[in-house]
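Keep in mind that the numbers below use all heavy atoms, side chains included, and drop hydrogens, waters and symmetry copies. Residue numbering restarts at 1 for every chain, and letters A, B, ... go by the order of the sequence lines.
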Amino acid sequence: MTPADLSKNILLILQQLQQQGVLPTAELPAEVVIERPKNREHGDWATNVAMQFAGKFGMNPREFATKLAQELAKVTGVEKVDIAGPGFINITLSAAAAGELAKQIVEAGGNFGKGSLYAGLKMNLEFVSANPTGPIHIGGTRWAAVGDSLARIFEAQGANVTREYYFNDHGAQIDRFARSLLAAAKSEPAPEDGYSGEYINQIAAAVVKENPSWAKLEDSEATELFRAGGVELMFGEIKQSLKDFGVHFDVFFHENSLYESGAVHKAIAKLRDLGHIYEQDGAIWLRSTTFGDDRDRVVIKSDGEAAYIAGDLAYYLDKRERGFDRAIYMLGADHHGYVQRMMAMCSAFGDEPGVNLEILIGQLVNLVKDGAPVRMSKRAGTVVTMEDLVDAVGVDAARYALTRSSINSMLDIDLDQLSKKTNDNPVFYVQYAHARTKQVANNAASLGVETSEFDPGLLSHASESDLLAKLAQFPAIMNHAAIERAPHLVARYLEEVAGSYHRWYDNCRVTPLSGNPVETIHRTRLWLNTAASVVLANGLKVLGVSAPERM
RNA sequence: GCGCUUGUAGCUCAACGGAUAGAGCAUCUGACUACGGAUCAGAAGGUUGGGGGUUCGAGUCCCUCCAAGCGCACCA
């Protein structure tokens, strides 16, 4: 008996009561929410359905709750139903009904926690998309961790997810990058608005090595040489970093390709046909104010060059033409000003904002040293890259730390904390719980405890009831995390599971004390131990964190 | 000035509009001749930034004020 089962049962009972005329006909709730009460005395599960819907039936909540409770108490596996406060319905399950779940989880294995919320939906999730003018720094690293987890969460709901990275390899910043490389090759100071740093020197040297005759070229040709070579090297480095971080992208999309293929002009032509393009002051404009933007946007500048948004138009159209039902962009808070114009663009194409196009804004990562914020600066040596972070704490700790907070909150990364390699990351708490499940299983095997028996009624200790209830919530957590686009919910949940598991371990032995016989209860607990193992492993996988057998 | 996000324990952060606001770290006190002590039990720690409002019920929704980060281009 899981919370989902309870929910279904309650809906069924409400329908029956209506048919019997006990309840008046009124629209039934689409879903009955079952919660785990914070207070143990309130039973195993609780629902507030009476308070939320009694009004619609013209009844007071307690009266409604009483009628529902009478029927609910008859359901097999339900031991006790109480009505509390303004109309909470508190449900206590029999130990056997609750314990049944251990076996279900073990049998579901890697599938436990999956759902069908987005079955068949083609999603394009674009994240990181850091400019290829330098290595990925800590901010982009956050999106790498969160975005990949989110993709896994969507996939667990049946979505077909394409992870995509957009390389801004077109336009002025790449020009600056190319000129910076050329300057470095000539041992000249970096251009005023250019890039500098050790990595620029290294890339320049690498391009020089590949093209020994570069110095004979005109500056314009040499710049092209350095552009192509530099961008290529940067791509390679970024891809390698992402791979080392455990993040796989299905598509690396090059902005430049939109210009080379004519997709930009095609997109503008389409908008022109739709009547949303006009000309003024020598420039081509998108009338985005029609769709809620606070001003119209220049698409082609008066000098004939495309504005940045031109690429975005073509890129979005390209995604839709590739068959994606939903294009999700993950952007940093410094880009939140784009949301309105992007949504306007979506509308202009005749699509539905928020459905076909969704933009997730995440807050930036702050660097902190000695309690004071520091600005990332190459000269001051305070740039923290993805590689730096991984070198300092490892992939598991890095991904976990970046994923366990809501993207709506700013994250402080403490430089000293990083270099200390401390044990205060909760990931170790969770991983240790998983390792423990494996060690317990090993001990059980060597002492001849097997899964040949399962008597769920024996899982009656308070810590077992607590652990079972916690495990039962995993599918709901995964569903919620998908709807809210919030991978941190999974991390927080795992910490709770780990806590429940550790407490259970402390109270209930899977292997008998030496000299004592193996009994049914030990064999039954082995199922629960494996169930905990399954949930911890499935959850850690969603976060891209390893589930070690020993630490 | 306008907009987006945030403000919760000493610190980092949780909490579908639900009951006594929770974890980890840090602090203090206990627990292995018992499946790994990277653990557990317990203590302490809060006017959820201030003030109004909505309702059976508000950290959560609305208004307002305060504070912080970010953004308001024919830059990318």
J.: Decide yes or no, distance alone: a donor-acceptor N/O pair under 3.5 angstrom between the base of B:C74 and the side-chain of A:E305.
T.: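 Under the 3.5 Å cut-off, the side chain and the base do not form any donor-acceptor pair.
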
J.: Is there a donor and acceptor pair, one atom on the side chain of A:N425 and one on the base of B:A38, closer than 3.5 Å?
T.: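 Donor-acceptor pair under 3.5 Å: no.
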
J.: Determine whether the side chains of A:Q363 and A:N408 contain a donor N or O and an acceptor N or O closer than 3.5 Å.
T.: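 No, A:N408 and A:Q363 have no side-chain donor paired with an acceptor closer than 3.5 Å.
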
J.: Under 4.0 Å, heavy atoms only, any strand: does A:L411 hit a base, just the sugar-phosphate, or nothing?
T.: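 Since only primed, P, OP1 and OP2 atoms lie under 4.0 Å of A:L411, the category is sugar-phosphate.
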
J.: Taking the C1' atom of each, how far is B:G49 from B:C66, in whole Å?
T.: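 Nearest-Å result for B:G49 against B:C66 at atom C1': 7 Å.
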
J.: Can you tell me the distance, in whole Å, between the CG atom of A:D294 and the C1' atom of B:A73?
T.: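 Atom CG in A:D294 sits about 12 Å away from atom C1' in B:A73.
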
J.: Applying a 4.0 Å non-hydrogen cut-off, can you work out what A:R295 is touching in the nucleic acid: base, sugar-phosphate, or nothing?
T.: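 A:R295: backbone/sugar contact only, no base atoms under 4.0 Å.
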
J.: Between A:L513 (CG) and B:C32 (C1'), how many Å, whole number?
T.: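 Rounding to the nearest Å, CG of A:L513 and C1' of B:C32 are 13 Å apart.
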
J.: Within the pair A:Y505 and B:G37, is there a side-chain N or O less than 4.0 Å away from OP1 or OP2?
T.: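 The answer is yes; a side-chain N or O of A:Y505 sits under 4.0 Å from OP1 or OP2.
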
J.: Quick one: does A:L402's side chain get under 4.5 Å of A:W143's, heavy atoms only?
T.: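 Of all side-chain heavy-atom pairs linking A:W143 with A:L402, none is under 4.5 Å.
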
J.: Pick base, sugar-phosphate or nothing for A:S406, based on heavy-atom distances below 4.0 Å to the nucleic acid.
T.: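 Result for A:S406 = sugar-phosphate.
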
J.: Please write out the pairs of protein N or O atoms and N or O atoms of nucleotides 4-10 of chain B separated by less than 3.5 Å, giving the distance to one decimal.
T.:
unit_1 : atom_1 : unit_2 : atom_2 : d
B:U5   : O2'    : A:Q363 : NE2    : 3.2
B:U5   : O2'    : A:N408 : O      : 2.8

J.: Under a 3.5 Å cutoff on both atom distances, Watson-Crick or G-U, what's the dot-bracket for RNA chain B ([ ] crossing, | other strand)?
T.: (((((((..((((....[...)))).(((((.......))))).....(((((..]....))))))))))))....

J.: Between the side chains of A:N529 and A:T437, does any donor sit under 3.5 Å from an acceptor?
T.: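 Short answer, no.
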
J.: Would you call the rings of A:F177 and A:Y195 parallel, tilted or perpendicular, taking 30° and 60° as the class edges?
T.: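 The arrangement is perpendicular - the two ring planes meet at more than 60°.
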
J.: Take atom CE of A:M343 and atom C1' of B:G3, then tell me their distance rounded to the nearest Å.
T.: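 Taking atom C1' of B:G3 as the reference, CE of A:M343 is at 16 Å.
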
J.: Counting only side-chain N and O atoms of A:H502, is one of them less than 4.0 Å from OP1 or OP2 of B:G37?
T.: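 For A:H502, the contact criterion (side-chain N or O under 4.0 Å from OP1 or OP2 of B:G37) is not met.
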
J.: Under 4.0 Å between a Lys/Arg side-chain N and an Asp/Glu carboxylate O for A:D312 and A:R341?
T.: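 Judged by the 4.0 Å cut-off on N to carboxylate O distance, A:D312 and A:R341 do not form a salt bridge.
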
J.: Under 3.5 Å between N/O atoms: give me all the protein pairs with nucleotides 43-47 of chain B, atom names plus distance.
T.:
none

J.: Consider only side-chain N and O atoms of A:Q173 and A:N168, and report whether a donor and an acceptor are under 3.5 Å apart.
T.: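 There is no such pair between these side chains.
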
J.: Look at the rings of A:H276 and A:F291 and say which category their plane angle falls in: under 30° parallel, 30 to 60° tilted, over 60° perpendicular.
T.: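 Judged by the thresholds at 30° and 60°, the geometry between A:H276 and A:F291 is perpendicular.
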
J.: So, are A:D82 and A:K80 salt-bridged, with charged N and O less than 4.0 Å apart?
T.: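 Salt bridge flag = yes for A:K80 with A:D82.
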
J.: Is the shortest side-chain N to carboxylate O distance from A:R509 to A:D506 below 4.0 Å?
T.: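 Looking at A:D506 together with A:R509, the answer is no, because their closest N to O distance does not fall below 4.0 Å.
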
J.: Could you state the atom-to-atom distance from CZ of A:R525 to P of B:A34 in whole Å?
T.: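 Rounded to whole Å, this separation is 18 Å.
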
J.: Over all strands shown, is A:G171 touching base, sugar-phosphate only, or nothing at heavy-atom distances under 4.0 angstrom?
T.: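 Here A:G171 touches the backbone only, sparing every base.
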
J.: Measuring to OP1 and OP2 of B:G22, would you say a side-chain N or O of A:Y493 lies under 4.0 angstrom away?
T.: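 No, because none of the side-chain N or O atoms of A:Y493 sits under 4.0 Å from OP1 or OP2 of B:G22.
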
J.: Counting only side-chain heavy atoms from C-beta out, which of B:C74, B:A38, B:A14 sits nearest to A:Y432?
T.: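 Closest nucleotide to the A:Y432 side chain: B:A38.
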
J.: Using a heavy-atom cut-off of 4.0 Å across all strands, would you classify A:L489 as base, sugar-phosphate, or nothing?
T.: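 Sugar-phosphate, backbone atoms only, no base.
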
J.: B:C16, B:A14, B:G37: which one has an atom nearest the side-chain heavy atoms of A:V33?
T.: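 From the listed options, B:C16 comes nearest.
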
J.: Taking 5.5 Å and 30° as the limits, would you call A:Y429 and the base of B:A38 a stacked pair?
T.: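 Stacking between A:Y429 and B:A38: absent.
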
J.: Between B:C74, B:C40, B:C70, which one does the side chain of A:D334 approach most closely?
T.: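 Minimum distance to the A:D334 side chain belongs to B:C70.
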
J.: Using atom CD of A:E484 as one end and atom C1' of B:A15 as the other, report the distance to the nearest whole Å.
T.: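 So the CD-C1' distance, A:E484 to B:A15, works out to 12 Å.
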
J.: With a 4.0 Å cut-off on heavy atoms, is A:H335 in touch with a base, just the backbone sugar-phosphate, or nothing at all?
T.: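 If one applies the 4.0 Å heavy-atom cut-off, A:H335 turns out to touch nothing in the nucleic acid.
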
J.: Residues two or more places apart in sequence or in another chain: which of them pass ring pair (Phe, Tyr, Trp, His ring centres under 6.0 Å) with A:F53?
T.: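 By the ring pair (Phe, Tyr, Trp, His ring centres under 6.0 Å) rule, A:F53 matches no residue at all.
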
J.: Would you call the rings of A:Y315 and A:F253 parallel, tilted or perpendicular, taking 30° and 60° as the class edges?
T.: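 The arrangement is tilted - the two ring planes meet at 30° to 60°.
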
J.: For nucleotides B:U60 and B:U8, find the distance between their P atoms and express it as a whole number of Å.
T.: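 Approximately 14 Å lies between the P atom of B:U60 and that of B:U8.
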
J.: Among side-chain atoms of A:T92 and A:D44, is any donor-acceptor pair under 3.5 angstrom?
T.: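 Side-chain D/A pair, A:T92 to A:D44: absent.
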
J.: Going by number, which of residues 473-480 of chain A have a non-hydrogen atom under 4.0 Å from RNA chain B?
T.: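 Heavy-atom contacts with RNA chain B come from A:H480.
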
J.: Measure the distance from CG on A:L402 to P on B:U12 and round it to the nearest whole Å.
T.: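 Answer to the nearest Å: 16 Å.
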
J.: Could you please spell out the steps behind the side chain to side chain contact (heavy atoms under 4.5 Å, CB included) verdict for A:Y165 and A:E126?
T.: CA-CA 6 Å; A:Y165 188 121; A:E126 184 203 325; over 6 Å; no

J.: Send over the distance from A:D412 CG to B:A68 P, rounded to a whole Å.
T.: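 These atoms are roughly 16 Å apart.
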
J.: Any idea which of B:C16, B:A19, B:C40 is nearest the A:H42 side chain?
T.: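 The answer is B:A19.
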
J.: Among B:C40, B:A34, B:A23, which nucleotide sits nearest the side chain of A:E495?
T.: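 Ranking B:C40, B:A34, B:A23 by closest atom to the A:E495 side chain puts B:A23 first.
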
J.: Whether the A:N90 and A:H42 side chains hold a donor-acceptor pair (N or O, under 3.5 Å, no angle test) is what I'd like checked.
T.: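 No, no side-chain donor-acceptor contact under 3.5 Å.
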
J.: So if I define the base as every atom that isn't primed, P, OP1 or OP2, how would nucleotides 54-62 of chain B read as a B/S/- string at a heavy-atom cutoff under 4.0 Å?
T.: --B------

J.: Nearest to the side chain of A:R503 - B:G71, B:A41, B:C74?
T.: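 In terms of side-chain proximity for A:R503, the closest of B:G71, B:A41, B:C74 is B:A41.
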
J.: Ring centroid separation for A:H502 and A:Y432, is it under 6.0 angstrom?
T.: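 Yes, they do, as the ring centres are separated by less than 6.0 Å.
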
J.: Taking NZ, NE, NH1 and NH2 as the nitrogens, is one of them in A:D293 or A:R297 under 4.0 Å from a carboxylate oxygen of the other?
T.: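 The answer is yes: the pair qualifies as a salt bridge.
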
J.: Just checking A:N90: base, sugar-phosphate only, or nothing, at a heavy-atom cut-off of under 4.0 Å?
T.: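 Base: the residue A:N90, judged by heavy atoms under 4.0 Å, touches a nucleobase.
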
J.: Using a heavy-atom cut-off of 4.0 Å across all strands, would you classify A:A46 as base, sugar-phosphate, or nothing?
T.: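 Base, at least one base atom sits under 4.0 Å.
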
J.: Of all the choices, B:C40, B:C74, B:A15, which nucleotide is nearest to the side chain of A:K301 once you look at every atom?
T.: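 Nearest to the side-chain atoms of A:K301, counting from C-beta on, is B:C74.
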
J.: Roughly how many Å is it from CG in A:L494 to P in B:G24, rounded to a whole number?
T.: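 Nearest whole value for this atom pair: 15 Å.
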
J.: Please check if any side-chain donor atom of A:D5 sits under 3.5 Å from a side-chain acceptor atom of A:T2, or the reverse.
T.: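 Yes, a side-chain donor-acceptor pair sits under 3.5 Å.
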
J.: State which of B:G36, B:G24, B:C74 makes the closest approach to the side chain of A:Q439.
T.: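 Selected nucleotide: B:G36.
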
J.: Under a 3.5 Å cutoff, is there a donor and acceptor pairing between the side chains of A:W504 and A:E464?
T.: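 Yes - a donor-acceptor pair under 3.5 Å links their side chains.
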
J.: Of the nucleotides B:A15, B:U39, B:A38, which one has an atom closest to the side chain of A:R436?
T.: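 Nearest to the side-chain atoms of A:R436, counting from C-beta on, is B:U39.
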
J.: Do A:W527 and A:F454 have ring centroids that are under 6.0 Å from one another?
T.: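 Judged by ring-centre distance (under 6.0 Å), A:F454 and A:W527 do meet the cut-off.
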
J.: Quick one: label A:E35 by what it contacts on the DNA or RNA (base, sugar-phosphate, nothing), any heavy atom closer than 4.0 Å.
T.: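 Base contact - A:E35 has a heavy atom under 4.0 Å of at least one base atom.
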
